[in-house]
Structure formats: structure tokens, C-alpha cells
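Each chain gets a letter, A, B and so on, in the order the sequences are listed, and its residues count up from 1.
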Amino acid sequence: MLEAQVRKRLREFDLCIALRVQAGETLAIIGPSGAGKTSVLGLIAGLMAPDEGRIVVGERVLFDSAQRVNLPPEKRHLGYVLQEYALFPHLTVLRNIEYGMEARGMSRDEVARRATETMRMLGITHLAGIRPGRISGGERQRVALARAIAASGDALLLDEPLAALDAQTRQMARGDLRRVIRSVGLPAIFVTHDYVDALAFGDQICVIDRGEVVQMGTQEDLLLRPKAKFVAEFMGVNFLHGTAQQPEDGLCKVLVDGTEVSTTVDQPGEVFLAFSPADVTLSLEPPAGSARNVFPARVTGLLQLGGRIRIDLDAGFPLVAELTPDSVARLHLDIGSQVHASFKATAVEAYR
Amino acid sequence: MDGQLTARNAFLVLMAAVFVAFVTVPLVCMVLNVPLARLGRYLHDPMVVQSLWLTLKTTAISVPIVVILGSPIAYLLARREFPGKQVLDALVDLPMSMPPVVMGFALLMTFAPRGPIGGLLRGMGIEVVFTTTAVIIAQVMMAAPLYVKAARTGFENVDDSLLRASLVLGASRWRTFLRVTLPLAAGGVITGTILAWARAAGEFCATITFAGNLPGVTQTAPVAVFVGVNRDLSVGVTLATILLAFSFAVLLGARILLKRSPR
């Protein structure tokens with residue numbers, strides 16, 4: 001288990017975070033650039049010293065301001081995949097992977113055995129004699145991961161491990177990386193600015209902004225019940241804030257910026273509404289279906305994300321829909337297109 | 001557009017040719033004066049042999065001193081921010097921007113028997129001025145700035161994230177320095193060492209001012225060239241040509257070596 005509770009005065013803001021990750025579990029930390037994500041890893045790895053707090057991995061205290069414990073990074077025994085991988089350009093792939101094990105004083109036999117094993121697991125055996133400058137981004141990512149886990153740390157820290165890859169490679173690397181993180185069974189922290197990664201990797205997801213935890217919870221918590229517009233935007237879900245009226249026949253109108261949204265709220269008063277972009281249907285003619293909520297809307301943006309397209313809409317309030325490229329083509333959608341956006345009242349999660 | 005480009009290239013080539021001529025013509029003129037017929041005799045001239053041997057001996061000591069003293073400063077200037085950095089930076093360059101005779105004079109004032117350090121050393125029975133030690137001190141002083149400049153560039157080119165990677169992989173700071181920083185900065189360090197050697201081997205003005213011109217003791221090759229020319233032109237020219245060939249070989253060799261070294 002990895003447990004950290006730290007505070008650190010940074011240049012722009014105070015970084016203040018408390019987290020706990022069980023063995024075999026991954027915590028995804030997501031936030032905009034400059035939110036302090038990398039600093040969290042730096043504090044845990046010992047590259048920066050917290051002003052106060054405590055960091056424990058398993059039974060080992062890495063840092064404790066009260067007991068004046070502050071292990072240097074080389075004594076913390078953590079696997080750390082740095083941003084852009086930071087592979088040693090003057091060493092071959094094999095020597096890169098062996099580096100940490102040698103530094104930690106493993107025997108020559110053990111080093112060779114583990115290096116072979118790790119390279120086989122990640123499918124990079126054929127790269128052993130090559131320098132990192134000559135291999136592809138996806139290969140580099142696997143070498144960095146191999147280097148971090150070969151040294152057998154007590155926890156795994158990953159800083160944007162997929163950000164340096166192009167979209168297609170990322171899609172493939174995501175699955176492999178998930179499999180490897182699961183198989184090593186260490187507490188893992190995965191820093192990213194991409195909600196797809198956060199959802200794919202995070203058993204727990206921690207959204208931070210300007211050094212503060214905005215919300216921490218499971219995928220479900222964050223997708224269904226985001227606590228702030230910021231979180232909803234990051235998680236890519238629709239998020240509205242309004243006032244619920246008196247319910248009638250199990251349905252309740254919620255006033256959002258002067259627009260009425262039908263929901264299944266049972267009490268009047270202030271509520272948050274959240275629903276998935278996948279639950280929003282678009283059509284050119286007003287739909288005749290069962291959906292309670294139908295709004296004329298204008299397309300303001302299109303963004304291809306893997307096999308889906310995210311469509312930003314202006315329906316009097318901002319709305320996001322997710323369609324397949326096929327549907328987008330069939331509807332001839334483009335920026336400025338007029339459509340009808342609809343979603344069912346039961347698709348809307350309402351909470352206070 | 002094309003024509004313009006060619007005209008610009010022609011101009012560049014012309015200017016480069018002027019520069020090359022500026023460097024090579026005088027050297028060729030000198031080499032033409034080498035007494036080829038009696039070369040064997042001159043190569044065995046005691047002045048030539050002794051001064052070359054002394055130059056090799058003194059630089060074999062002064063260059064390692066430069067590397068040992070200069071590397072920490074180069075590292076500091078490259079990788080740390082601290083108050084007074086600009087001042088230190090300027091101080092390092094100072095010997096390079098001063099006339100060497102001034103530096104030799106300053107050394108003389110310091111180590112002369114009546115100077116502050118010279119007096120102290122004299123009490124301990126150590127003489128510096130007009131000894132081989134003085135030659136080495138002068139070489140260190142004049143060669144160090146070149147080394148520090150080149151080594152610093154080498155250290156600056158090492159990406160910080162690589163050092164962080166090394167630390168979190170369990171390597172101590174010292175191991176990180178030896179295994180990551182130094183190999184990656186090697187280009188700058190080697191270049192600096194070669195430049196320092198070339199400067200030390202060619203040191204003349206500070207040497208003759210501070211160490212004098214004693215054959216076998218302080219008469220290094222450059223000093224011998226100067227003195228030799230007055231005695232017998234051929235001695236000076238022979239010695240100068242040997243220096244020239246040696247320097248060029250070292251500089252060229254270093255470039256080939258650095259180009260081949262993998263990054």
C-alpha cells in the first residue's frame with residue numbers, strides 16, 4: 001500500500017494532497033497542465049521535499065516531517081516512468097533496463113535474469129542492443145516501463161506514459177500498459193491529462209487543479225456525480241447546475257439557465273445534473289421518440305477521439321454528444337449545423 | 001531566387017577562402033623555410049629535443065590539474081543557480097581576456113620571494129619563480145578558462161530528467177555523475193581537455209615572464225622557438241613546424257573521435 005499526505009508550497013500555489021493506493025490498484029491523477037500532477041510524483045519519489053506530511057510505502061516510511069525522516073530518491077525503491085521517458089541516450093535498451101538493478105546492487109545473474117524476463121514480458125527482446133534514439137515512441141514507452149519495473153520497486157509511478165505517442169500507437173499501448181500494471185501487482189499512480197486514460201487506468205480517480213484535490217472517487221462517482229463543472233469537463237461528461245421544481249408524476253423539471261430539463265429528481269431545490277455524452281442523440285428532424293428532453297442546438301465543435309467523435313453543442317446551455325464517425329457522416333454534421341439534441345430523463349443523474 | 005542564393009553562396013565561399021588563406025599562407029611560408037637537407041641534424045639539436053620534452057612533461061602535469069580544478073567549477077556554472085554566479089563566470093574568463101604578459105607579471109608578483117605567497121614558500125625552502133613549477137602554474141592559469149568553457153557546455157547539454165531518472169532508479173548522486181552526467185558531457189570535457197592542452201603547449205608570454213628561459217628547466221617549445229629564431233632561424237622553424245604538425249594532428253584527431261562517439 002502507498003499512502004501519502006503531503007503539503008508543499010509551490011511557486012504559484014500550495015500543493016496539498018492526501019491519497020492511498022492499495023497493492024494492485026491504480027490511482028489516476030488527472031488535471032490540467034500546471035495543476036501540480038508531476039509534483040505529486042516528485043514528492044513521493046523524493047525529488048522534492050514536502051514542507052510537511054508523511055509518505056509510507058508498505059511498512060517503509062519514506063518521508064515524515066514529524067519524525068524528520070526524508071529518504072533520498074535512490075533509497076525509496078519506487079518504479080518511476082518519467083515524462084517523455086528519460087531513457088539514457090548513451091546506453092543500449094538492455095543497459096537502460098539493467099541500470100536500476102545494478103544501482104540497487106543485485107547480483108550479475110539476477111540482473112541478467114530479470115532483464116531477460118522483463119524484456120520478454122514487454123516484447124522488446126529484439127531491441128536489447130539498440131540505443132533509445134533509434135527506436136519508435138511506442139517501443140520507448142515499453143523500454144521505460146521495463147526499466148521501471150525491472151528494478152522491482154515497491155510502487156509504480158507513471159507520469160503521462162502515453163502522452164508522447166501518436167493516437168494510433170496510444171490505443172494499442174493502452175491495452176498493453178494496463179495488462180502490465182495489473183500483472184506487477186504494485187500500488188500504481190498514473191498521472192494524465194487525458195480522461196480516457198484516467199478512465200482506462202484508474203480504479204480511483206483523483207482530479208486536481210492548482211494543487212488541490214477537486215474530487216476523488218471511483219469512475220462511477222466521477223462520471224455520474226461530478227462535484228464541479230471542472231471535473232465534469234475533465235471526465236468528458238455533461239454537467240448542469242440548476243434548481244429543481246416540485247415533482248409531478250415522478251418527473252421533475254429542473255431550471256438550468258432558463259431552460260427546463262426533465263429529470264427524475266424527487267425533491268425540489270438546488271441540484272447538479274450529470275449525464276454521459278453517449279446518452280445524447282442527435283437528429284435533423286425533431287425526434288418522435290420517448291426522450292423527454294429535446295433541444296434545438298447548434299454544433300460548435302467536433303473532435304475525433306479514438307473510434308468516436310465528440311460534438312460540442314450550444315443548446316442554450318453547453319452540451320456534449322458522442323457519436324460514431326459513421327453517424328456524423330450520415331447527418332452531414334459540421335460546425336454550425338442545426339440539430340435536435342435529445343436525451344431521456346432517466347439518463348440524467350441528479351444529485352445534491 | 002536561385003541566382004540570389006548562388007550569389008550569396010559565392011560570397012560565403014569567397015570569405016571562407018580569404019579566411020583559410022589568412023591562416024594557411026603564413027604557416028606554409030614558414031614550413032617552406034624548413035631546412036629539409038639538414039633536417040636530421042636539427043631534429044637532434046639539443047634545444048629542439050629538450051624544449052619539446054619539457055613541453056610534453058609540463059603539459060602532462062598542467063592539463064590534468066586544469067581538468068581536476070576546472071571540472072567542479074564547470075559543473076557548478078552549468079547546473080546550479082547561486083548568488084554571484086555572474087561574478088564567478090566573469091572571473092573564470094578573466095585570464096583569457098587579459099594580455100598573457102599581465103598574467104605572467106601578476107604571477108611573478110605573487111610568487112616572487114618578496115611576494116605574499118612567494119615569501120611564505122621561501123620560508124619553507126620552496127622556490128617557484130624561474131623553475132619548472134612556474135611553467136606549470138602559468139600553463140594552468142592560461143589554459144583553465146578554455147577548459148571550463150567547453151566542459152560547462154558539455155554539462156549544460158545533459159538533460160535534467162536523465163539525472164532524475166538515475167536517482168529514482170536507485171543510483172546515488174556520485175554514481176549518477178559517473179554513469180550519466182560524465183558520459184553525456186564527455187564531448188565537452190574532451191574538447192575542453194584538448195583545447196586546454198593546445199593552449200598550455202603553446203603558452204609563451206606568461207611563461208617567459210614568470211618562469212624565464214632556462215634550457216631544460218623553463219624553456220618550453222614556444223619559448224625555444226622565440227629564442228631559437230634569434231640564434232639560428234632553422235632551429236626555430238623546425239621546432240615551430242613540429243609544434244604545428246602536432247597541434248593540427250591533435251585537433252583533427254579529436255574532431256574525428258568526437259564525431260564517431262555515439263550519443
Side-chain angles (χ1 to χ4, degrees), chain A residues 38-39 41-48 62 71-92 95-106 111 129-134 143-144 146-160 164, chain B residues 67 71-72 74-76 78-83 85 147 150-194 253-263:
Chain A
T38 298
S39 299
L41 298 187
L43 290 168
I44 294 172
L47 297 171
M48 295 158 79
L62 306 185
L71 291 187
E74 64 268 27
K75 299 240 168 79
R76 294 201 175 191
H77 293 261
L78 306 174
Y80 189 168
V81 176
L82 284 97
Q83 221 168 62
E84 314 269 330
Y85 314 137
L87 297 175
F88 303 123
H90 59 303
L91 302 179
T92 61
R95 301 284 299 130
N96 262 281
I97 293 170
E98 290 176 337
Y99 188 93
M101 294 186 277
E102 283 171 357
R104 283 170 196 177
M106 287 188 198
V111 170
I130 307 177
R131 288 206 166 80
R134 311 184 67 120
V143 174
R147 186 176 68 172
I149 62 180
S152 169
D154 295 337
L156 195 54
L157 310 175
L158 304 118
D159 194 352
E160 303 267 13
Chain B
V67 172
S71 298
Y75 186 83
L76 213 60
R79 306 215 67 92
R80 298 272 191 280
E81 289 304 321
F82 51 90
K85 184 172 170 175
Y147 174 77
R152 174 187 181 168
T153 310
F155 286 127
E156 274 170 350
N157 287 340
V158 181
D159 195 338
D160 264 339
S161 69
L162 299 177
L163 308 185
R164 288 199 292 272
S166 174
L167 289 174
V168 297
L169 280 166
S172 63
R173 286 186 185 276
W174 181 237
R175 192 183 178 97
T176 299
F177 179 77
L178 291 181
R179 295 295 180 88
V180 180
T181 313
L182 210 50
L184 289 174
V189 171
I190 293 171
T191 307
T193 308
I194 288 158
R255 269 161 185 74
I256 292 166
L257 192 91
L258 282 178
K259 194 146 201 185
R260 223 188 272 163
S261 86
R263 276 301 304 260

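Options A/Met101, A/Glu102, A/His77 differ in how many heavy-atom pairs under 4.5 Å they form with chain B, and the most are formed by A/Glu102. Of the listed residues (B/Val168, B/Asp160, B/Leu163), the greatest number of heavy-atom pairs within a distance under 4.5 Å of chain A belongs to B/Val168. Annotation: maximal heavy-atom pairing with chain B below 4.5 Å, among A/Gly46, A/Ala103, A/Ala144, A/Pro73, occurs at A/Ala103. For chain A, the option among B/Ser166, B/Ser172, B/Ala186 with the highest count of heavy-atom pairs below 4.5 Å is B/Ser166.
No donor-acceptor pair closer than 3.5 Å links the side chain of B/Arg152 to the backbone N or O of B/Arg79. The closest donor-acceptor contact from the side chain of A/Arg147 to the backbone of A/Tyr99 lies at 3.5 Å or more, if one exists at all.
For a residue to count as touching a neighbouring chain, one of its non-hydrogen atoms must lie under 4.5 Å from one of that chain's; by this rule A/Gln83 does not touch chain B. Of the atoms belonging to A/Leu91, not a single heavy atom falls under 4.5 Å from chain B. A/Leu47 touches chain B through its side chain: at least one heavy atom from C-beta onward sits under 4.5 Å away, while N, CA, C and O do not.
For B/Ser71 against B/Phe155, the heavy-atom pair with the smallest separation is O-CE1, 3.9 Å.
The existence of a salt bridge linking A/Glu74 and B/Arg175 is excluded, since no basic side-chain nitrogen approaches an acidic carboxylate oxygen closer than 4.0 Å.
Here the rule is side-chain contact (heavy atoms from CB on, under 4.5 Å) with A/Pro89, and of B/Leu162, B/Val180, B/Asp159 only B/Leu162 fits it.
Two residues are said to be in side-chain contact when any heavy atoms from C-beta on lie closer than 4.5 Å; A/Val143 and A/Pro132 fail this criterion.
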